[in-house]
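Inspection log for the structure reproduced underneath, given as structure tokens.
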Protein chains: 2
Amino acid sequence: MSQMQIVENALREMILGLEVGPGERLTERWIENRFGASRTPVRAALLRLETEGLICRDGRGWTVSPINLAELEQIAVYREAVEVAAVRLTSALTDRSAIEIIEAMLDSCDAATPREEWHRVGMDFHIELARLSGNEFLFRAVRDAMTRLSRARWLEVRDEAALGRAWSEHHAVLAAVRAGDADAAAARLSAHIVGSRDRLVTSLHNDRRGLRARGFAVVAV
Amino acid sequence: MSQMQIVENALREMILGLEVGPGERLTERWIENRFGASRTPVRAALLRLETEGLICRDGRGWTVSPINLAELEQIAVYREAVEVAAVRLTSALTDRSAIEIIEAMLDSCDAATPREEWHRVGMDFHIELARLSGNEFLFRAVRDAMTRLSRARWLEVRDEAALGRAWSEHHAVLAAVRAGDADAAAARLSAHIVGSRDRLVTSLHNDRRGLRARGFAVVAV
DNA sequence: GATACCAACTTGGTATCCCAAAATGGTATC
DNA sequence: GATACCATTTTGGGATACCAAGTTGGTATC
């Protein structure tokens, strides 16, 4: 694997894993030393991560994108549009064998499963469902939206009750898709996304003080 | 303006203007000489254009993205999802003054207007309508989709009747938006996008031989 | 004439060097 | 003690040198 990809992936993991806090400054030289690569691949990786929205230019330098409440709400609207379109296509599929795989993925999480895994599976549910639509652009849009939401969703995952609600909503969507009922699937997914947004915004709002204390930049509306 | 942006913009114009044909190979050294920049900004520009889908990796090198029929159809589905979501938001706006600006933009095109301008205005209609929604992600999605469609739409623009149909459909959408009728606006926009896709696919199919003769790579389904 | 093989060239990937501008930190002045 | 000013350092943008892998073209062999 090329140096650029190594740096890109490692840096993405650091950002998504909150090892570098939202709002933190990044210098090309620091990354260079941190990963033992030269500036050429480092800069290529930064350009990539910028298009993913994980970092942003800060004047002449780079900053880990802050968690932006207004942006999170806009993303919810955006992902509702693309996910609903995708799930309608998926509901029309004749071959529904892949649905079982997704359901099994959901069921693989139990009380013993670490939070990190719940978090990943919760995102992959949406991504894989969109992938099934067969539309590459809807798929990418959902994947990118989930990536952008990823850091904020860490907070939601700490709420046991919210997780249970989300999981049962996931199952409800899958049931409608399996039945080929596009309208029901769309309605349930839509409700899930709106509910998910509300839970996220609420817990973010409650935790803002704590986040700032940890040095995380959280931008309000 | 930085060298990178100069190279990026100039190269984008060349690609969108079909000055370099779809499927054509690009070498970093050629671009370097063509624009008098060194490889650092050239590589940065290439990485950017790759994320826009205008160029793609071809093994170890770079290629101007071919015009891909299957991809165009997928983009139509994608943009229908995001544009309809955007126009619903736009229809809910109380301040509709910006609608007049868009309408004036459409009306600025007449028989004396060069085809290039018709093409640009036709794209900007959709982009600006999405921008009015106020949702940055829907806006970017529409803009990116139109960029990806841009080269193929050059072909449609040559058809006088198709242009007239498109323009009257644009006006119909605007009328519904101005009336605040989100459902009608959504339905009309949706029909326009589907019709636009059909016209595009048809004319592309008819012209494929001519395109190949000009050295353009056109990938079928 | 076909083919196997090799040398020269081309190309993208990487490292490194230089530069201008901006940030930093210390110091002199009030 | 606050502040204006200047030297130093740091930083990102750009240019260039080098390398390994892949391509090409020619040549020797059969």
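Residue pairs meeting the side-chain hydrogen bond (donor to acceptor under 3.5 Å, both in side chains) criterion with at least one member in residues 12-27 of chain A, sequence neighbours excluded: A:E8-A:R12, A:N9-A:R12, A:R12-A:E52, A:R25-A:D58. Applying the salt bridge (Lys or Arg N to Asp or Glu O under 4.0 Å) test to pairs two or more places apart or on separate chains, those with a residue in residues 139-151 of chain A are A:E136-A:R140. The side-chain hydrogen bond (donor to acceptor under 3.5 Å, both in side chains) contacts involving residues 83-97 of chain B comprise B:R79-B:E83, B:E83-B:H126, B:R88-B:D183, B:D95-B:S97, where partners must be two or more places apart or lie in separate chains.
The closest side-chain donor-acceptor pair between B:S203 and B:N206, if any, does not fall under 3.5 angstrom.
What separates CH2 of B:W30 from P of C:dG12 is a distance of 13 Å, to the nearest Å.
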Let me check I have this right: for DNA chain D, each base becomes ., (, ), [, ] or |, based on Watson-Crick or G-U pairs with both distances under 3.5 Å. What is the full string?
||||||||||||||||||||||||||||||
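The side chain of B:S38 places an N or O atom within less than 4.0 Å of a non-bridging phosphate oxygen (OP1 or OP2) of D:dA15.
Under the ring-ring contact (aromatic ring centres under 6.0 Å, His included) criterion, A:F216 pairs with no residue at all, not counting sequence neighbours. The ring-ring contact (aromatic ring centres under 6.0 Å, His included) check on B:W62 picks up nothing, with sequence neighbours excluded. The salt bridge (charged side-chain N to carboxylate O under 4.0 Å, His left out) search around B:E71 returns none, not counting sequence neighbours. Residues passing the salt bridge (charged side-chain N to carboxylate O under 4.0 Å, His left out) test with B:E117, sequence neighbours excluded: B:R120.
Near-neighbour residues of DNA chain D inside residues 44-55 of chain B, defined by a heavy atom below 4.0 Å, are absent. Near DNA chain C, meaning a heavy atom under 4.0 Å from it, residues 5-14 of chain A has no residue at all.
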Let me have the donor-acceptor pairs involving side chains of residues 31-42 of chain B, under 3.5 Å, with sequence neighbours excluded, atom names and distances please.
unit_1, atom_1, unit_2, atom_2, d
B:N33, ND2, B:R29, O, 3.4
B:R39, NE, B:E28, OE1, 3.2
B:R39, NH2, B:E28, OE1, 2.8

Treat primed atoms plus P, OP1 and OP2 as sugar-phosphate and everything else as base, then score nucleotides 7-13 of chain D 5' to 3': B for base contact with protein heavy atoms under 4.0 Å, S for sugar-phosphate contact only, - for none.
----BBB
